[in-house]
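From a predicted model like this one, the values you see are computed outputs, not experimental measurements. Note: hydrogens, waters and symmetry copies are ignored here, and every other heavy atom, side chains too, is used.
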Amino acid sequence: MANRQFDVVVIGGGPGGYIAAIRAAQLGLTAACIEKESYADPKGEVRLGGTCLNVGCIPSKALLQSSELYDQAGHSFVMHGIGLDNLKIDVATMVRRKDNIVTQLTGGIKGLFKKNKVTLLSGHGRFVGREDEFWQVEVVGENGGEVVNAKNVIVATGSRPRHLDGIPVDNKVVCDNVGALAFDAVPKRLGVIGAGVIGLELGSVWKRLGADVTILEALPDFLAAADPAVAKEAWKTFTQKQGLKIHLDVKINKVTQGKKGQGTQISVEYEVGDETKTLECDKLIVSVGRIPNTDGLGADNVGLALDDRGHIAVDDHCQTSQPGIWAVGDVVRGPMLAHKGMEEGVMVAERIVGQAGHVNYDVIPWVMYTHPEIAWVGKTETQLKSEGIEFRAGQIPFAANGRALGQGDTTGFVKVIADAKSDRVLGVHIIGNNASELIVEAVVAMEFGASSEDIARICHAHPTLSEVMHEAALAVDKRPLHF
Ligand code: FAD
Ligand code: NAI
């Protein structure tokens with residue numbers, strides 16, 4: 001029997017892959033998407049959505065929301081005159097709610113595939129070679145294997161958590177993101193290695209629910225990628241107001257496990273300065289970054305080049321070293337963010353049909369869903385100084401905003417940075433309630449090449465948190481009206 005043929009075969013059904021397949025089908029191409037993981041599907045069926053929907057963005061945000069409500073009920077309701085006795089958290093219900101959201105969304109993508117006539121191929125995808133104008137990809141699943149022919153292949157195999165030598169992850173006691181999203185009870189003492197995005201988001205979840213959380217970070221600077229003013233405010237809020245214990249500049253020596261009562265006690269031995277210390281905890285999360293998934297892909301079979309960091313090497317348009325093979329998302333250079341992968345998926349599908357698909361890598365927003373949220377787009381002060389670019393900055397606190405006061409949540413600020421000569425906005429940095437939504441205005445402004453004066457001249461609804469963006473833009477020119 002002849003091999004099935006497609007215009008586009010996507011390997012990997014995460015945000016980069018499923019979006020690429022849907023956009024390709026919208027553009028009139030025959031498209032298939034290969035996915036191998038069933039994650040925690042009760043029927044053992046393959047699930048779409050990749051890391052993001054199954055064990056990343058969506059489940060973490062569900063738990064962040066539940067834990068935030070619990071924290072508010074325990075600490076903030078009282079200022080509104082709302083009293084609660086006997087507040088408690090039922091972790092099983094919280095985790096079930098999260099699982100239901102995941103199930104709904106992953107199933108929804110299967111529905112989108114049907115609607116757009118994308119063929120789902122369940123199994124592991126691997127390049128086997130080339131015949132005439134087709135790349136050949138083998139798919140091996142539970143029901144055996146087949147080889148499919150593709151004019152174009154889009155690799156979207158994503159990433160997996162990096163683990164540390166000598167610290168095996170069992171996802172019960174020592175966990176990466178997978179286990180950390182499925183605890184069945186609040187650990188009394190939680191250790192976290194890595195004060196990055198996952199460490200801070202998931203550390204916050206379990207801290208709010210009552211765990212004693214200690215985070216050990218290798219770098220001497222906290223949140224080194226963020227604007228220094230944001231990192232300083234975040235440090236103050238997380239450590240002093242919220243009680244997260246964060247130790248910087250540490251070197252992890254070893255992790256050992258012993259029995260304690262019914263459970264396990266973990267000992268993390270680490271060095272800080274000249275001292276050797278030990279952190280005792282009941283659960284440990286290892287969140288020290290992620291590595292691209294290229295193993296078992298058969299990259300060698302088709303001469304696909306990798307870059308020096310193990311990503312699939314691509315140009316600005318996600319074209320690999322081989323014509324007709326493209327790669328998007330976490331498996332290629334750039335930030336490991338779902339929206340970046342989705343934009344790349346759209347760009348590649350459009351370029352395959354000869355359109356001018358494009359991603360503006362300078363305007364990709366970052367969001368951390370801690371409380372307060374942290375969001376930014378464009379350059380930080382540190383980057384601009386090192387590049388010798390002259391700028392003017394305006395920074396306005398939420399404490400000067402009526403809506404924030406009404407909401408009882410005034411931590412943080414908006415900072416707008418603009419070019420000293422042209423006034424073009426170069427970066428916007430927010431720490432505060434709803435930063436994830438507020439950053440959109442800055443993204444739109446920067447995408448359209450706006451100046452700080454453009455933002456300052458836009459009518460912002462009153463009373464809203466977005467007025468802080470307005471005031472920060474005015475403050476670039478030293479003429480805020482409410483501060
Ligand atoms: P993935 O989502 O990793 O999907 C790749 C898929 O390919 C997987 O399902 C895998 O099973 C499959 N696959 C791999 N190899 C093969 C093969 N050979 N054959 C068949 N299938 C294969 N990003 C954000 O933007 N916002 C957030 O809030 C956010 N929160 C996160 C929270 C956590 C805890 C984690 C871990 C990540 C988070 N991320 C977030 C990052 C985001 O999840 C990733 O950037 C995104 O999922 C990458 O998409 P992708 O399609 O490149 O890869
Ligand atoms: P990360 O890169 O954000 O943070 C890892 C941290 O671990 C860094 O601060 C690093 O210095 C530290 N580290 C590395 N090795 C260490 C060691 N041996 N000992 C102690 N500390 C060490 O990576 P993280 O948190 O694992 O998340 C992976 C990626 O997933 C993120 O980079 C991000 O792209 C994505 N993500 C995005 C989210 C969002 O957009 N809200 C949420 C969660 C994850």
Side-chain angles (χ1 to χ4, degrees), residues 50-52 55-57 59-60 63-64 157-183 187 189-207 211 213-226 231 234-235 238-239 244-257 266-272 276-295 307-311 329-338 340 366-370 374:
T51 304
C52 169
V55 288
C57 327
S60 57
L63 296 185
L64 278 154
T157 46
S159 65
R160 62 181 183 280
R162 185 165 81 85
H163 292 167
L164 295 172
D165 286 345
I167 309 182
V169 168
D170 60 9
N171 270 326
K172 292 192 170 67
V173 181
V174 179
C175 300
D176 55 32
N177 57 296
V178 177
L181 290 163
F183 288 174
R189 299 164 307 171
L190 173 64
V192 181
I193 303 182
V197 201
I198 295 180
L200 291 170
E201 286 188 356
L202 294 183
S204 297
V205 165
W206 298 106
K207 170 73 193 154
V213 178
T214 306
I215 307 182
L216 303 174
E217 165 61 43
L219 290 179
D221 293 323
F222 180 61
L223 283 182
W235 174 265
F238 297 157
T239 59
L244 276 176
K245 295 173 192 156
I246 307 175
H247 302 299
L248 303 174
D249 210 2
V250 310
K251 181 173 166 293
I252 308 293
N253 283 342
K254 63 178 178 192
V255 172
T256 48
Q257 291 188 29
I266 310 163
S267 301
V268 184
E269 187 192 288
Y270 63 97
E271 284 171 35
V272 54
T276 300
K277 297 189 171 182
T278 304
L279 169 70
E280 309 280 3
C281 51
D282 309 302
K283 295 253 191 206
L284 180 67
I285 299 176
V286 180
S287 48
V288 292
R290 296 180 63 84
I291 45 179
N293 282 328
T294 54
D295 295 353
D307 65 21
D308 52 2
R309 303 189 66 191
H311 295 103
D330 282 10
V331 79
V332 303
R333 84 290 174 257
M336 288 183 166
L337 296 173
K340 173 261 192 185
W366 274 89
V367 179
M368 280 179 52
Y369 297 81
T370 44
I374 294 172

Inset, instruction - Could you tell me which non-hydrogen atom of Asp330 sits nearest to which non-hydrogen atom of Leu337, and how far apart they are? - result: OD1-N, 3.8 Å
Inset, instruction - Determine whether Phe238 and Lys207 make a side-chain contact, defined as any pair of heavy atoms from C-beta on separated by less than 4.5 Å. - result: no
Inset, instruction - Identify the two heavy atoms, one from Leu64 and one from Glu201, that lie closest to each other, and give their separation to 0.1 Å. - result: CD2-O, 3.5 Å
Legend entry - Reported NZ-to-CG distance for the pair Lys245 and Leu190, which is rounded to 0.5 angstrom: 11.0 Å
Legend entry - Thr276 and Tyr270, any side-chain heavy atoms less than 4.5 Å apart: no
Inset, instruction - Might you point out which heavy atoms bring Asn171 and Gly179 nearest each other, and give the distance in Å? - result: OD1-N, 2.9 Å
Legend entry - Any Ser159 side-chain heavy atom under 4.5 Å of Ile291 side chain: no
Inset, instruction - Could you tell me whether the side chain of Thr278 reaches within less than 4.5 Å of the side chain of Val268, counting heavy atoms only? - result: no
Inset, instruction - May I ask you to test the Gln257-Val173 pair for a side-chain heavy-atom distance under 4.5 Å? - result: yes
Legend entry - Atom pair CG/CD of Leu216 and Glu271 - distance to nearest 0.5 Å: 12.5 Å
Inset, instruction - Flag the pair Trp206 / Pro187 as yes when at least one side-chain heavy-atom distance between them is below 4.5 Å, and no otherwise. - result: yes
Inset, instruction - Please determine if Asp165 and Lys254 form a salt bridge, counting it only when a charged side-chain N lies under 4.0 Å from a carboxylate O. - result: no
Legend entry - Check: Glu280 and Ile266 side chains under 4.5 Å, non-hydrogen atoms: no
Inset, instruction - With Lys283 as the cation and Phe183 as the aromatic partner, state whether NZ or CZ is under 6.0 Å from the six-membered ring centre and within 45° of the axis. - result: yes
Legend entry - Student check: side-chain heavy atoms of Val192 and Ser287 closer than 4.5 Å: yes
Inset, instruction - Quick one: pull up CD1 in Ile285 and CG in Leu202 and give me the separation to the nearest 0.5 Å. - result: 5.0 Å
Legend entry - Distance in Å, Thr214 OG1 paired with Leu284 CG, rounded so as to fall on 0.5 Å steps: 10.5 Å
Inset, instruction - Working to the nearest 0.5 Å, report the span between CG of Asp176 and CZ of Arg162. - result: 12.5 Å
Legend entry - Nearest-0.5 Å distance, CD1 of residue Ile252 to CD of residue Glu269: 10.0 Å
